[in-house]
Amino acid sequence: MIRVAAVGDVHIGRDMAGMLREQLSTVPDRADALLLAGDLTKAGLPEEAEVLAAELDGLGVPIVAVLGNHDHHSDRPAEVTAILRDAGVLVLEGGATVVATEGGTLGVAGVKGFGGGFVGASGSAFGEREMKAFIEHTQERSEALAGALGSLEADVKVALTHYSPVRDTLSGEPPEIFPFLGSYLLAEAIDRGGADLAIHGHAHRGREHGVTAGGVNVRNVAQMVIRQGYAIYAFEAGAERGGRFASASVGSSSSS
Ligand SMILES: [Fe+2]
Ligand SMILES: [Fe+2]
């Protein structure tokens with residue numbers, strides 16, 4: 001059994017020292033790794049990242065993260081990433097990692113992702129330079145995700161993004177803003193690269209469960225959606241691909 005704890009959109013501010021540490025204190029007893037699905041800070045300030053890093057440093061399980069749009073807001077994502085790395089957090093943007101656990105190997109491929117919308121209601125790289133830049137960014141990051149997933153050799157493969165690959169998990173958000181919450185290109189990348197689970201955040205008013213057209217389970221772990229400190233997903237390693245995804249129960253935190 002491989003157990004993954006996941007949460008996104010913790011939006012840590014400078015005045016929030018201690019809160020996340022308490023919420024995550026039970027993770028080492030219940031999971032083999034912690035995945036963070038972006039929007040880790042309120043405004044992407046290094047001072048906020050320092051608070052977050054202190055919360056995560058020495059937690060006791062490997063931590064893999066992607067950044068979210070909030071973590072880019074101050075145009076200092078490299079500094080935020082470096083601060084988290086110094087605390088032992090692996091921040092992925094188009095890369096992948098393999099975590100060895102007692103139950104087998106856990107592969108994680110991560111990108112922030114971006115918007116653009118979903119089949120039947122999506123933007124295209126046409127017209128103004130700004131519109132082309134918007135969609136091309138999504139295309140590039142989706143390609144990076146497919147490549148990272150394809151490179152992984154692991155018993156269980158997880159795709160980690162901030163933006164949503166499917167519309168299912170956006171249910172509850174106004175449909176008018178779906179193109180700013182995710183893109184079907186991410187789901188195509190996940191189906192192409194292969195994954196046992198896709199985890200994302202960003203949609204605070206969405207819902208937890210979804211699935212790609214290719215049958216990959218998708219989970220929105222925005223903290224406002226899971227209403228817990230973190231969610232736990234468990235996998236049976238060694239079964240044939242597609243049969244490994246054992247359960248998707250939401251874990252409870254020590255503070256709830
Ligand atoms: Fe958020
Ligand atoms: Fe976000």
Side-chain angles (χ1 to χ4, degrees), residues 5-16 19-20 23-24 34-49 51-53 55-56 63-81 84 89 91-94 110-118 123 134-135 137-138 140-142 144-145 159-187 190 198-210 218-231 250 253:
V7 63
D9 300 85
V10 293
H11 291 276
I12 293 295
R14 282 175 286 195
D15 57 348
M16 292 169 66
M19 286 178 58
L20 191 61
Q23 291 174 10
L24 299 179
L34 172 64
L35 307 186
L36 299 174
D39 278 3
L40 309 178
T41 63
K42 281 186 172 169
L45 292 168
E47 304 92 294
E48 296 170 340
V51 173
L52 175 66
E55 304 287 287
L56 299 174
I63 305 174
V64 183
V66 293
L67 300 186
N69 55 312
H70 280 250
D71 307 315
H72 279 257
H73 182 64
S74 298
D75 293 325
R76 299 167 80 175
E79 288 170 76
V80 170
T81 295
L84 294 176
V89 178
V91 180
L92 296 176
E93 182 49 57
V111 294
K112 172 181 62 65
F114 203 44
F118 301 90
F134 177 17
I135 299 301
H137 181 55
T138 307
E140 284 169 13
R141 300 331 298 155
S142 298
L145 178 61
L160 177 63
T161 64
H162 180 60
Y163 287 79
S164 177
V166 295
R167 69 168 96 214
D168 308 3
T169 49
L170 306 182
S171 180
E173 297 276 5
E176 291 84 355
I177 67 167
F178 281 15
F180 304 107
L181 298 178
S183 167
Y184 74 98
L185 295 173
L186 292 168
I190 290 163
I199 286 174
H200 74 89
H202 192 45
H204 295 192
R205 290 174 288 185
R207 65 173 189 183
E208 186 186 359
H209 290 226
V218 178
R219 298 292 182 263
N220 175 1
V221 297
Q223 200 162 48
M224 309 72 174
V225 170
I226 60 173
R227 298 174 188 271
Q228 307 270 359
Y230 54 88
V250 176
S253 76

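Counting starts at 1 for both ligands and their atoms, in listed order.
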Please assess Val111 against Val66 for the test side chain to side chain contact (heavy atoms under 4.5 Å, CB included), listing each intermediate value before the final yes or no.
-> CA-CA 6 Å; Val111 294; Val66 293; 5.7 Å; no

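- Checking Asp9 against the Fe ion (ligand 2), every N/O/S atom stays at or beyond the 2.8 Å cut-off.
- His11 has its closest N, O or S atom to the Fe ion (ligand 1) at the position named NE2.
- For the pair Leu84 and Leu36, the minimum side-chain heavy-atom distance is 4.5 Å or more.
- Residues His11 and His204 place their aromatic rings such that the two centres sit under 6.0 Å apart.
- A donor-acceptor pair under 3.5 Å is formed between the side chain of Arg207 and the backbone N or O of Asp168.
- Counting backbone and side-chain atoms alike, His204 contributes an N/O/S atom closer than 2.8 Å to the Fe ion (ligand 1).
- For the pair OD2 of Asp39 and ND1 of His202, the angle whose vertex sits at the Fe ion (ligand 2) is 150° to 10 degrees.
- Taking backbone and side-chain atoms together, Tyr163 has no N/O/S atom less than 2.8 Å away from the Fe ion (ligand 2).
- Partners of Arg141 according to the salt bridge (Lys or Arg N to Asp or Glu O under 4.0 Å) rule, which considers only residues two or more places apart in sequence or in another chain, are Glu93.
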